[in-house]
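Read through the structure below, which is laid out as structure tokens, and then see the notes.
To find a chain, count down the sequence lines: A is the first, B the second, and so on, and within it residues start at 1.
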There are 2 protein chains.
Amino acid sequence: MNSARHEGSQIQPVLRRLSAFRHLSECGTAALDKAIRERVLRAGTGQDLICEGDIPDRVRFILSGWLARYKTLEDGRRQIVNFVLPGDACDTMIYLLSEMDHSIGTLTPVVYSELERPQFEQLMASDKTLAEALWCESLAGNAIRREWAVNMGRRVALERVAHLLCEIIERLRPVGLVDGNSCAFPITQMDLADATGLSAVHLNRTLQELRAAGLIVLRERVLTVNDLDALKTAALFNPNYLHYVH
Amino acid sequence: MNSARHEGSQIQPVLRRLSAFRHLSECGTAALDKAIRERVLRAGTGQDLICEGDIPDRVRFILSGWLARYKTLEDGRRQIVNFVLPGDACDTMIYLLSEMDHSIGTLTPVVYSELERPQFEQLMASDKTLAEALWCESLAGNAIRREWAVNMGRRVALERVAHLLCEIIERLRPVGLVDGNSCAFPITQMDLADATGLSAVHLNRTLQELRAAGLIVLRERVLTVNDLDALKTAALFNPNYLHYVH
DNA sequence: CAGATTTGCTGATCTACCTTAGCCGAACCG
DNA sequence: CGGTTCGGCTAAGGTAGATCAGCAAATCTG
């Protein structure tokens, strides 16, 4: 178990992410900080935080690590419907529903904070800027899902994968996880395939196509994009759906 | 212009839809009824209520007719990311975002009610059951988008179309628009193709396959499904994501 | 450390779905 | 009234991406 001081340093991603939507008041920042430190937990790779059919009763904030929201068909086909990245709030308000319609599992080791419903509602009530930022975060998650529908329905494999990579970079950037042209990229090709609706084989070939075109360097779990504009053009990427204000 | 008495009769779908999530108090019902009657509008087929890039500043309730949320790529490829059906609330809270990331257009003639942000916030504050029902409606919309990701990513054409038809039927039923085994089905095959990520040609063939299998009858804008369970089985359809409580 | 598993990668084959092109009947329109 | 558009439908041919099978390196595990 780490000290509170150490865990505290990991709250930054959440503050940075919410600040992308609204300037947070000092009061809001303090309330959030306090609430998050209350209960910090860890999970290893490949664990489910919550499963389809479970009763949702808490809200989570991701401090580090990557997760996926996913659904599985009876015959095993899996579709990742969203990545959950550091700084993301996870399931704002979902406790209003009586049952989860999807699962949330870790793709890497994860550190996260858990709030019970009363704590979370108290947090929302504590500060207007914070509440609005949380609402925006939730609405932006919605917008991401819409863009994914476009991605899977109307983009070909190369555009599709390029688009996903652009999105991940632009989501990691405001939380400070992009260093120059590179970011840690800790997930497997299988995960990428399940997120893009492609087979693992075809995803692998598409990555190689992107590499051959000089658009990406992806090796040893690090993604480097030297010409992001070129990648965005190849992806028909328009960042408006991320809804960052500043 | 129709009389208020006549328009009033069209509020039913909204009440019925929200009642699927929470039992509405009399007070909430009355407030909603009053707010909706305030400003009832009409639009013909093929009109956009709001476009990508517009500033969202109002909330809408659909009283009759079908609409689509959609996005268009630069080169014209279109993807419908959601159908908006009678009774649906349209863009709860979206005024918190500064810009629309998608468009909403009519697929049929539509009757709808428009509320400015202050009116809507007043409505939300007026009654707890109503507010919760509206939140649930919004969360359920989210869940539908997740299921669509699965649909486009992991289901083959026949399953995909079958799944969409099941969803539409199960969404129309609680608002009273399913009559026995049939419902009005006023949209074109092109619309269905854009919603499923298929080409119009292939969608047409898939419909014929469904007809040949005896799973659906679709003609003259009426959809009849004599054995809904069979269609659901073919679609790997699980209604849990619609989140109806009763 | 050896064995088992996972991950990235490749080749060959197959097929689901796309594209292009065009027909037909119904509705609409000047 | 004849032209035009729209929606449903069909045929032919091409291709993007799936499936199956297998290999090598890295990683995990006992």
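The side chain of Gln208(B) sits closest to dT10(D) out of dC18(C), dT10(D), dG11(C). When each of dC18(C), dC9(C), dT7(C) is scored by its nearest atom to the side-chain atoms of Gln189(A), the top-ranked nucleotide is dC9(C). You'll find that the side chain of Arg211(A) is closest to dC9(C), out of dC9(C), dC18(C), dG17(D).
Place Leu207(B) and Val201(A) on DNA chain D by their nearest nucleotides, and Leu207(B) ends up nearer the 5' end. Residues Arg154(A) and Thr188(A) both approach DNA chain C. Their nearest nucleotides, taken by heavy-atom distance, put Thr188(A) toward the 5′ side.
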Only distances under 3.5 Å count here; give the side-chain donor-acceptor pairs of residues 188-196 of chain B to other protein atoms, sequence neighbours excluded, each with its distance to 0.1 Å.
from	atom 1	to	atom 2	distance (Å)
Thr188(B)	OG1	Met190(B)	N	3.4
Thr188(B)	OG1	Asp191(B)	N	3.1
Thr188(B)	OG1	Asp191(B)	OD2	3.1
Gln189(B)	OE1	Asn204(B)	ND2	2.9
Asp191(B)	OD1	Arg78(B)	NH2	3.0
Asp191(B)	OD2	Thr188(B)	N	3.2
Asp194(B)	OD1	Arg154(A)	NH2	2.8
Asp194(B)	OD2	Arg78(B)	NE	2.6
Asp194(B)	OD2	Arg78(B)	NH2	3.0
Thr196(B)	OG1	Leu192(B)	O	2.8
Thr196(B)	OG1	Ala193(B)	O	3.3

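One can place CD of Glu209(A) at 15 Å from C1' of dT10(C), the figure rounded to the nearest angstrom. Note: CZ (Arg221(B)) to P (dC6(D)) measures 13 Å, nearest angstrom. For the pair Met190(A) CE and dT7(C) P, the computed distance is 10 Å after rounding to whole Å. Rounded to a whole Å, the CD atom of Glu220(B) is 16 Å from the P atom of dG7(D). The distance from atom CE of Met152(B) to atom P of dC17(C) is 13 Å, rounded to the nearest whole Å. Here dG8(C) presents its P atom at 9 Å from CG of Leu192(A), a figure rounded to the nearest Å. Put simply, NE2 on His202(B) is 6 Å from C1' on dA16(C), counting in whole angstrom units. Regarding Arg155(B), its CZ atom lies at a distance of 17 Å from the P atom of dA18(D), rounded to whole Å.
Heavy atoms of Ala157(B) sit under 4.0 angstrom from primed sugar atoms or phosphate atoms, though from no base atom. If you check every strand for non-hydrogen atoms under 4.0 Å, Gly197(B) touches sugar and phosphate atoms only.
Ring pair His163(A)/Tyr241(A) is parallel by interplanar angle, where below 30° counts as parallel and above 60° as perpendicular.
No hydrogens or angles considered: nothing links the side chains of Glu167(A) and Asn151(A) as a donor-acceptor pair under 3.5 Å.
Taking 3.5 Å as the limit, the base of dA16(D) and the side chain of Arg205(A) contain no donor-acceptor pair of atoms between them.
Within the 4.0 Å cut-off from OP1 or OP2 of dG8(D), not a single side-chain nitrogen or oxygen of Asn204(B) is found.
The minimum heavy-atom distance linking Pro86(B) with Leu177(B) is given by the pair CG-CD1, 3.5 Å.
Ion pairing between a basic and an acidic side chain is recognised when a charged N comes within 4.0 Å of a carboxylate O; Glu147(B) and Arg145(A) show no such pairing.
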